[in-house]
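Down below is the structure, laid out as structure tokens.
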Amino acid sequence: MTISWLQASILGIFASLSSMPGMAGSTIGNYTLGRPLVGGLVCGLILGDLKMGIAAGVAMQLVYIALVTPGGTVSADVRAVSYIGIPLAMVAIHSQGLAATSANAADLAKSMGTLVGTVGTVLFYGTATMNLVWQHMGWRAVERGEFRKLYAVDWGYPWISHLIFSFIPTVLMTHFGSSAVQALKTALPMDGIPMKTLFTVGALLPCVGIAILLKQIVDGPVDFIPFFVGFTFAASLKLNLVSVTVVSLIFAMISYKLDMAINTNRQAAPANTGGTVDDEEDEDI
Amino acid sequence: MTISWLQASILGIFASLSSMPGMAGSTIGNYTLGRPLVGGLVCGLILGDLKMGIAAGVAMQLVYIALVTPGGTVSADVRAVSYIGIPLAMVAIHSQGLAATSANAADLAKSMGTLVGTVGTVLFYGTATMNLVWQHMGWRAVERGEFRKLYAVDWGYPWISHLIFSFIPTVLMTHFGSSAVQALKTALPMDGIPMKTLFTVGALLPCVGIAILLKQIVDGPVDFIPFFVGFTFAASLKLNLVSVTVVSLIFAMISYKLDMAINTNRQAAPANTGGTVDDEEDEDI
Amino acid sequence: MTISWLQASILGIFASLSSMPGMAGSTIGNYTLGRPLVGGLVCGLILGDLKMGIAAGVAMQLVYIALVTPGGTVSADVRAVSYIGIPLAMVAIHSQGLAATSANAADLAKSMGTLVGTVGTVLFYGTATMNLVWQHMGWRAVERGEFRKLYAVDWGYPWISHLIFSFIPTVLMTHFGSSAVQALKTALPMDGIPMKTLFTVGALLPCVGIAILLKQIVDGPVDFIPFFVGFTFAASLKLNLVSVTVVSLIFAMISYKLDMAINTNRQAAPANTGGTVDDEEDEDI
Amino acid sequence: MENTGKKISRKTLNKSFHHWFYGHLTAFSQEHMQTFGYLTSMLPIVEELYDNKEDQEKAMKTYTAFFNTEPQLGSIIVGITASLEEARANDGHVDDATINGLRAGLMGPIAGIGDSLVVGTLIPVILGIALGMSDGGSPLGAIFYIIVWNLLGYFGMRFAYFKGYELGDKAVGILVGAQGKAIRKAIATVGGMVVGGVAATWVTVKTSFTLRNGSGKAYLVLQDKLDSVYPGLLTAAFIVLCWWLMAKKNISPIKVMLILVVVALIGVLTGFFNPGLKY
Amino acid sequence: MENTGKKISRKTLNKSFHHWFYGHLTAFSQEHMQTFGYLTSMLPIVEELYDNKEDQEKAMKTYTAFFNTEPQLGSIIVGITASLEEARANDGHVDDATINGLRAGLMGPIAGIGDSLVVGTLIPVILGIALGMSDGGSPLGAIFYIIVWNLLGYFGMRFAYFKGYELGDKAVGILVGAQGKAIRKAIATVGGMVVGGVAATWVTVKTSFTLRNGSGKAYLVLQDKLDSVYPGLLTAAFIVLCWWLMAKKNISPIKVMLILVVVALIGVLTGFFNPGLKY
Amino acid sequence: MENTGKKISRKTLNKSFHHWFYGHLTAFSQEHMQTFGYLTSMLPIVEELYDNKEDQEKAMKTYTAFFNTEPQLGSIIVGITASLEEARANDGHVDDATINGLRAGLMGPIAGIGDSLVVGTLIPVILGIALGMSDGGSPLGAIFYIIVWNLLGYFGMRFAYFKGYELGDKAVGILVGAQGKAIRKAIATVGGMVVGGVAATWVTVKTSFTLRNGSGKAYLVLQDKLDSVYPGLLTAAFIVLCWWLMAKKNISPIKVMLILVVVALIGVLTGFFNPGLKY
Ligand SMILES: OC[C@H]1O[C@H](O)[C@@H](O)[C@@H](O)[C@@H]1O
Ligand SMILES: OC[C@H]1O[C@H](O)[C@@H](O)[C@@H](O)[C@@H]1O
Ligand SMILES: OC[C@H]1O[C@H](O)[C@@H](O)[C@@H](O)[C@@H]1O
């Protein structure tokens, strides 16, 4: 199995559409086309082996299922995972004659995904940085009152960023990578330091994502309590996410009623400030 | 040994009295007459071989000694075990010339019991389903304020269900012997549409009962929260009802203290109505 | 190789120091002298064959390497393993002419360890039960305000328990050899009334301790609620103590906010006492 | 409802108890398990407490809600409501929602305790002793069981009923005090959670829908998928559906049941439902 | 600005919504994340409300401020400003500072809620279900995900946008008023617990550190010991560490990631970490 | 208790620590595991802080409640109470219930952590290394273990004790502040739940009562029935019984224990209790 220029180009377009800031909008782009599960379907169709594409996508999706990018903090880049990683994984699996849905194939896919996923964050930062150029043009348009130019700035010019940081890298890596893939397995054995480290990093990185999320939610130590209670419910009691959410609702209800009670009270005693409850106090415990 | 129409009819009456929802109340009916040990005594007296009746009853009682039917979930029907199974077992033991208290007799009794016990669950679901008709009449009586009719609904009409699902099957099966049992099984196969539907309806109907209860408890969406939290505790965490109740107490305690806090507050600020918390608001979230 | 009365007595002292509740404190006693590895060193020095002592200790240490005694639950008693088991093993190995560090010697040591380890749990329960007498004296001292007597209770009198349950058994069993161990087992069979009662009392006594604690925490029935919720979490859901604590934090947080809400309110309405929430009321539900 | 210090006569309480003793399960259906037994048990009380037809109707309406518990131990609940009804007749402080919250909150745990300890333990113990007396076909064991169990059953239930009536009195004091409303809300919380637990424990709606590959291996077991989304999803969905039809679409329970029959039939025909039982 | 009872046409609102739906992140930079998406979304509205170029410029200037939020849920903010802009066009009571205060006040909490509940929970849940349908390389799961998520995403965003427009000022009342604060805190509770659940479910940090005796039998498996202290201890510890580095030590996410790479390398070299995979 | 700015001297703290280091378990019984160790540890402090005999008695009474934890890590709790006692001597804001709530709340998790990480992990690790040095009967391993563990143990406990003393100081600030009462109640909540967890984890009362049929098969295992009512029912029942005897019937702990001995004996004789152990 090799990847032709044409196939590589189609992959490049999908990479441009699905990246974080991608050209298809986050709903259709990053959150749909960017998910490895969907990427597997797309790559399977493009490379003509649907089953293997899906299988590789499923394996990678499991690794990145909780990927959140709060405030544009990207710990792994899905354009690279889905449209460079999956195709290369498919080539490798194929050339080694592994069964599409075998465990070995899945592991190979994961290693390819983690490898390009972390490396791919460079592409994300490249794209976002280049967009500064178009934004600069945008500000000048605003100053001059040429508002219609905003459409070009928001919808058009960023394609140039993607040509450079999504399309070209994808095309080159998928087209030429196929030959390099063969070497990868020998050069980077799974029980060697580099691969082990790579996978360990892959396991550790989601911590950053969750931590960034926590930064938005947590102000003082008390705010950690709901987090840890939820963690305990899932980790110790094996509650699934829907059940955790259901249980959390009763605490939300209590919190709401409590705050309303405190509120009313504060209105009732506007002059009495010494010793009253206020948020600052709540968070300082 | 054969069973006369008269004997069969008396057995039929006992079957009606002792089934789950039986006509003698659960204490005297299901939990006394329904137990195979007592059934053995009764059948022995009716068929004129006390010793053999008791022996067959003892054998079957051992199988069903820990029979519980939580929430109307009947895994084996005692009317069939005690008033169809025991008589048929006695006939069989007799015709094979086995000693009443021999191990072979006991084994024969047990296998007969198991055979009719599961067949009997059909009778249980039949009775309970037919009772819906009388309950329907009951609801109309309640609507019209004709409360005295409730006695007929609760104590009288269900005899009709039992005529059809307890008396007649018992009479026929005991009189015509085990060939009749076999006939029932062929006429109403468990994998046929009627039986499948009957049991499916039996599984769906409790939803209506619970929903009626919910209607009384739930006003707005927020009131669903305790229900679903309780559901999650039982369904996901496998807590039993007593444990669910224990856990619910801490939420009840919080609810109590919260309302007391709001209450006092309201008394403290009787004039301040704009923006204060009141129940209506609580429920409108 | 035989064990003299002197040697046996020294072993007895080490047994007293190293048992669970031992006289050397858990750090130096149970966790140092009690470990078979150290016991091997000590026994080797006392019996004059260091190498064989160490080898026997190493063999037994491997069996008990992960020994934890949560909440005073002792599955194997280290005083018996280290200061009865090792000496007896050394005698046996010697008398059979096995090489100190041979595999056969190790196996012999291990089986001797297991034999006396369970026998030793009797010694543990005996010691702990006899300590109740000194504790009783302690409570009377506390009542009378004679606090200095506590030192005797905590540091002195328990030596008497150990004289009876550590020193004497060790001296006798090591001096008279494994036949003495056998004699103990026949004299006090585990399925006899005395041993059964001893162990049952051991299981019941912690209830008193917990109840004393409860007495301090519980005033009215409502105060039982957190206790039973915690109990349910641990007993029904198998949450460990750390997880129970994490979950309890969210209720603590709610309790805190609630009380702050009530507080403020009370300050806002100091004159309004009729019907306001106060602690007495909280506890009278 | 006037405050005339009404008191249920001993005779009526006895009547109410016997109605329960006899009729708690006679009209059982899967939909309204013990509701009718409850209604006939409350009827003498309601008739004595209220002369006015309207008041009677209002009172009886309270007991039309679904009820089910272990009947022996459950007598205590009937006794409690007897005394709550009395209190309501006197000053009207106890309301509908409180009585039903209490019933809902109690029926779950009492069913759990009763099924395990009365039906699952006490009866097997007496039966076990009786079996030992039945050697060689002796009727002694059966007679022993009949006598012992019925005495225990009858007087036990009687005791529970009247104990409940007594307790109810005390409960009323608490329920109508200053903190009454807060307590009633607290009871509703317990009621809500217990009903959730009851639903998850007693009601089980399962689909048998399965997709198989060529070699017959199931590659999609819908029930497992649904449970992995939220355990008991289908059960919860059907309950909410029934609630929605009745509360939001004003469809009568009878019609909802008919709808369920149709749903069951279609489900069976399409292979969505299959109880999978065998003789 | 004259008070002429101007009203944004439905068509224009639709246009504005679609501009947002498509373009909220396309021109993203680290400096001005969603500002340009916001500008293109407001442009049709501003053009319709103001004929005068000057007024248009003044209005557009409002939206040049930095903006970033979770785009799905954030649609509600765009809807709200649409209606505020309409109000400003009519009587000018609403001013620049108000609109931007609002935007700034809302974008934070809505980013927190949206990232936790939409991207961190809803999407993983749908993906989880979809993965279950992908056995044996079946495309079913992917198709299921595409359809379900895009329907939810599109109509959910649409609903949020128009809800925001409808509520306008009122939405602000709900989102930031006294009740609003209580609601946000309640939602934050859900968010916190769910993120905890997400962390425990999807993130797994495990150590492979093990001590073995001579014959190779493991007598100490560190991971098991840690889990017996608190299940998921290591995962929780790493998350709190990352939080601490970023929130308390002000280290940037990128640097934290680099630190983790170093930690991973050291861990692998010392045998603390070992993914244990094979080709 | 006068507010004289009292401070426990370093010497007394050292004494208190050493009392704990040595005597935490020496007088262990199943009833009052580490209570006497705690008492002897607090005695020097109480004697220094209060001249008045009455005050001393009042202070010492606090520490008569049941206590048990992992002793090494548990030193931190003793340190904390040392500093709380100091605060109580100074202004009396910290009370009995708070100190005991804190002790109860901390002893559970710290036992869990300590048993797993100190006794279950740290010691096996050092032992494992030591075993590797013991080849051929070499005493090196044992000596290594003695030195390393005792240094770690002694200085670790010392560190924990004084860290606790420091932390306690900070805790006092919080406990006596404006929100003090609310925090104390919050601590009581944690205490109550943890004691419940402790009871369910460490205390196990089980019945061996079983009914068997002729062929020896058990048809009623009482313990299983009781657990199906409420897991741990018998344990909980015995604890509540003991509480009731002491709190409501004013029976002294000693008498309660004697009652339990009688109960155990009768239980064993009747086959209700049977530890089922073997040599
Ligand atoms: O955190 C809010 C928001 O920030 C950026 O715009 C992106 O990373 C989004 O994915 C994210 O939802
Ligand atoms: O489970 C409670 C209760 O439910 C139904 O009413 C019957 O099955 C009873 O036998 C049972 O006790
Ligand atoms: O579990 C806490 C603690 O309980 C008892 O005091 C002893 O068994 C200790 O070894 C143990 O650490």
Side-chain angles (χ1 to χ4, degrees), chain B residues 21 25-27 37-38 41 51 54-55 58 65-66 68 70-71 100-101 118-119 128 131-132 135 145 147 150 154 158 185 190 196-197 199-202 204-217 226-227 230-231 234-236 240-242 244-245 248 251-252 255-256 259-260, chain D residues 22-23 25-32 36 39-40 43 57 65-66 71 100 108-109 112 115 119-120 124 127 134 136-137 139 142 153 182 185-186 189-190 192-197 199-203 231-232 238-239 242-243 247 253-254 256-257 260-261 264-265 268 273 275 277-279:
Chain B
S26 71
T27 315
L37 178 65
V38 178
L41 177 73
K51 197 172 159 182
I54 300 272
V58 166
I65 197 160
V68 188
T101 57
T118 36
V119 170
N131 281 347
L132 287 167
Q135 292 194 349
F147 297 125
L150 286 173
D154 199 46
K185 286 175 58 182
M190 271 294 192
K196 276 179 169 177
T197 306
F199 280 86
T200 300
V201 169
L204 292 180
L205 279 185
C207 296
V208 182
I210 300 286
I212 294 171
L213 206 54
L214 271 182
K215 239 181 85 181
Q216 301 217 344
I217 302 178
F227 172 79
F231 192 96
S236 300
N240 74 12
L241 288 177
V242 175
V244 168
T245 311
S248 79
F251 294 100
S255 158
Y256 169 79
D259 276 332
M260 290 307 282
Chain D
Y22 173 64
L25 270 176
T26 41
F28 176 97
S29 78
Q30 298 287 350
E31 183 213 9
H32 260 285
F36 279 86
L39 283 165
T40 55
L43 186 51
E57 284 178 17
F66 172 85
N100 266 311
D115 281 341
V119 193
L127 275 175
S134 305
K185 274 203 168 180
T189 304
V190 175
M193 286 180 71
V194 171
V195 171
T201 310
W202 286 343
V203 189
F238 263 91
I239 290 170
C242 291
W243 173 84
I254 287 292
V256 172
M257 274 159 44
L260 289 187
V261 171
L265 182 64
V268 165
F273 288 128
L277 296 170
K278 265 183 207 158
Y279 283 116

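In what follows, chains are A, B, ... by sequence order, proteins preceding strands, each numbered from 1.
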Under a 4.5 Å heavy-atom cutoff, which of [options] has the most pairs with chain B?
| options | result |
| --- | --- |
| D/Gly120, D/Cys242, D/Gly232 | D/Cys242 |
| D/Leu265, D/Leu25, D/Thr26 | D/Thr26 |
| D/Gly112, D/Ala65, D/Pro71 | D/Ala65 |
| D/Val268, D/Asn100, D/Thr189, D/Val261 | D/Val268 |

Among all residues two or more places apart in sequence or in another chain, which pass the side chain to side chain contact (heavy atoms under 4.5 Å, CB included) test with D/Pro109?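 For D/Pro109, the residues satisfying side chain to side chain contact (heavy atoms under 4.5 Å, CB included) (neighbours in sequence not counted) are B/Val242, B/Thr245, D/Val194.
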
Side chains of B/Ile212 and D/Pro253: does their closest heavy-atom pair fall under 4.5 Å?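 B/Ile212 reaches D/Pro253 side chain to side chain.
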
What heavy-atom pair brings [X] and [Y] nearest, and what distance separates the two atoms?
| X | Y | value |
| --- | --- | --- |
| D/Gly108 | B/Leu241 | O-CD1, 3.4 Å |
| D/Pro275 | B/Lys196 | CG-O, 3.5 Å |
| D/Phe238 | B/Cys207 | CB-SG, 3.7 Å |
| D/Ile239 | B/Ala211 | O-CB, 3.8 Å |
| B/Met260 | D/Ala182 | SD-CB, 3.6 Å |
| D/Pro231 | B/Ala235 | O-CB, 3.6 Å |

Distance (rounded to the nearest 0.5 Å) between [X] [atom1] and [Y] [atom2]:
| X | Y | atom1 | atom2 | result |
| --- | --- | --- | --- | --- |
| B/Ile210 | D/Trp243 | CD1 | CH2 | 15.0 Å |
| D/Thr201 | B/Phe231 | OG1 | CZ | 9.0 Å |
| D/Phe28 | B/Asn131 | CZ | CG | 9.0 Å |
| D/Met257 | B/Leu204 | CE | CG | 11.5 Å |
| D/Ser134 | B/Leu37 | OG | CG | 4.5 Å |
| B/Asp154 | D/Thr40 | CG | OG1 | 4.0 Å |

Under a 4.5 Å cutoff for heavy-atom pairs, which residue among [options] has the most contacts with chain D?
| options | result |
| --- | --- |
| B/Ala234, B/Gly25, B/Pro21 | B/Pro21 |
| B/Leu213, B/Leu150, B/Leu41, B/Val58 | B/Leu213 |
| B/Ser255, B/Ala55, B/Ala100 | B/Ser255 |

Using non-hydrogen atoms and a 4.5 Å limit, figure out which bit of [X] sits close to chain D: side chain, backbone, both or neither.
| X | value |
| --- | --- |
| B/Asn240 | neither |
| B/Ile65 | both |
| B/Thr101 | side chain |

Among B/Thr200, B/Val201, B/Val208, side chain to side chain contact (heavy atoms under 4.5 Å, CB included) partner for D/Leu260: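 The passing option is B/Val208.
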
Can you tell me which portion of D/Pro139 sits under 4.5 Å from chain B's heavy atoms? Options are side chain, backbone, both or neither.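 Both parts, backbone and side chain.
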
